[in-house]
Amino acid sequence: MHFFCNHCEILMNQLDPQIRTVWSIGLLTRAIIFSIVLFIGETIALQADFDLLFLPYGLLSAIIFVLSLIYAFVYPQLSYKYWGYDIREKEVYIEHGVLTKIKTTAPLNRIQHLEVSQSVFDRIFTLARLSIYTAGTRGADLQIPGLPLYYAEQLRDHLKEITGEDAL
């Protein structure tokens with residue numbers, strides 16, 4: 001899957017569409033946990049006779065939960081739309097961001113380590129994340145989520161071949 005970068009007029013690779021579901025599940029899980037904690041807090045405040053801004057019992061946690069549900073379904077769609085990467089002749093280029101656009105490059109000759117990883121939800125959908133580590137950094141400089149597992153492994157091996165035998 002490809003799309004054109006509006007500003008750079010480059011054909012960019014797009015993530016697997018299933019990543020939207022993985023992102024939504026992660027956000028929904030967090031929304032449920034946060035809403036439960038907030039509801040418990042409301043219960044404790046009610047028992048302590050503390051008035052929560054004159055709101056009926058449970059309303060605050062319900063409002064936060066509904067807003068979180070909307071966010072969990074809308075944000076992954078937008079994030080997917082604006083996520084792209086390209087393996088160029090001398091660099092790896094990544095562009096993403098809904099509100100803040102982030103454009104990152106890593107020169108191929110600086111790549112020292114490549115890693116393919118999967119979260120629990122990634123495994124369910126046979127997706128993976130390719131992490132690219134470069135010289136002089138602590139964490140991964142670049143991460144490409146939402147790749148089919150077989151493709152992430154092929155891309156890792158391809159980058160290893162073109163960056164030399166020291167990578168990975």
Side-chain angles (χ1 to χ4, degrees), residues 1-8 10 12-86 92-106 113-134 137-153 155-156:
M1 291 166 279
H2 302 285
F3 74 95
F4 279 101
C5 169
N6 295 335
H7 305 290
C8 46
I10 298 171
M12 300 281 287
N13 296 301
Q14 204 165 25
L15 307 178
D16 189 293
Q18 292 186 98
I19 193 63
R20 295 176 294 195
T21 304
V22 172
W23 287 339
S24 288
I25 290 170
L27 289 171
L28 283 172
T29 303
R30 287 186 209 108
I32 290 168
I33 291 169
F34 182 71
S35 296
I36 289 170
V37 169
L38 187 57
F39 185 74
I40 290 169
E42 282 185 281
T43 303
I44 292 169
L46 181 67
Q47 289 176 351
D49 229 9
F50 182 74
D51 196 12
L52 288 175
L53 304 172
F54 308 104
L55 293 175
Y57 175 65
L59 183 62
L60 183 60
S61 56
I63 290 170
I64 297 298
F65 182 69
V66 169
L67 292 174
S68 297
L69 282 177
I70 293 168
Y71 179 75
F73 288 106
V74 172
Y75 188 77
Q77 302 300 323
L78 291 173
S79 188
Y80 175 78
K81 180 180 177 181
Y82 295 109
W83 228 110
Y85 68 96
D86 188 31
V92 177
Y93 176 78
I94 293 178
E95 184 176 307
H96 63 96
V98 176
L99 298 176
T100 303
K101 290 287 185 193
I102 300 167
K103 298 176 182 181
T104 310
T105 61
H113 180 71
L114 301 159
E115 176 181 275
V116 173
S117 60
Q118 292 180 291
S119 71
V120 172
F121 298 125
D122 286 337
R123 282 182 286 206
I124 292 169
F125 292 93
T126 60
L127 296 178
R129 168 183 309 270
L130 177 64
S131 299
I132 302 169
Y133 299 83
T134 60
T137 60
R138 287 185 176 175
D141 285 324
L142 300 175
Q143 292 189 13
I144 306 173
L147 298 174
L149 177 59
Y150 73 90
Y151 181 71
E153 291 171 343
L155 187 54
R156 176 199 59 202

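If you read the sequence from its start, that first residue is 1, and numbering goes on from there. Atom set for the values below is all heavy atoms of this structure, side chains included, hydrogens, waters and symmetry mates excluded.
Nearest heavy atom pair, residue Ala72 against residue Leu27, reads CB-CB, 3.7 Å. Across every non-hydrogen atom of Gly146 and Ile19, the tightest pair is CA-CD1, 3.6 Å. Across Ile132 and Leu114, no two heavy atoms sit closer than the pair CG1-CD2, 3.8 Å. The two residues Tyr82 and Gly97 have their closest heavy-atom pair at CB-O, 3.4 Å. For Tyr93 against Glu95, the heavy-atom pair with the smallest separation is OH-OE1, 2.6 Å. Smallest separation of non-hydrogen atoms from Ser61 and Ser35: CB-O, 3.9 Å.
Side-chain polar atoms of Gln143 and Arg129 form a donor-acceptor pair below 3.5 angstrom.
The line from CD1 of Ile64 to CG of Leu69 is 11.5 Å long, rounded to the nearest 0.5 Å. Rounded to the nearest 0.5 angstrom, Asn13 CG and Ile144 CD1 are separated by 8.5 Å. Between atom CZ of residue Phe34 and atom OG of residue Ser68 there is a gap of 7.0 Å, rounded to the nearest 0.5 Å. Thr126 contributes atom OG1, which lies 11.5 Å from atom CG of Leu147 (distance to the nearest 0.5 angstrom). Atom OG1 of Thr21 and atom CG of Leu28 lie 10.5 Å apart (nearest 0.5 Å).
Contact check for Leu142 versus Leu130: no side-chain heavy atoms found under the 4.5 Å cut-off. Looking at heavy atoms from C-beta onward, Leu15 lies in side-chain contact with Pro145 at the 4.5 angstrom threshold. Within the 4.5 Å cutoff, no side-chain heavy atoms of Leu127 are placed close to those of Phe121. Inter-residue side-chain proximity for Phe125 and Asp16 is flagged as unmet; no heavy-atom pair is nearer than 4.5 Å. Residues Phe65 and Phe39 are not in side-chain contact: their nearest non-hydrogen atoms beyond the backbone lie 4.5 Å or more apart.
Side-chain atoms of Asp122 do not come within 3.5 Å of backbone N or O of Ala128 as any donor-acceptor pair.
Scanning for side-chain hydrogen bond (donor to acceptor under 3.5 Å, both in side chains) contacts around Arg20 gives an empty result, with sequence neighbours left out.
Ring planes of His96 and Trp83: parallel class, angle under 30° (limits at 30 and 60°).
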### Task
Please assess Val116 against Leu149 for the test side-chain contact (heavy atoms from CB on, under 4.5 Å), listing each intermediate value before the final yes or no.
CA-CA 8 Å; Val116 173; Leu149 177 59; 4.0 Å; yes
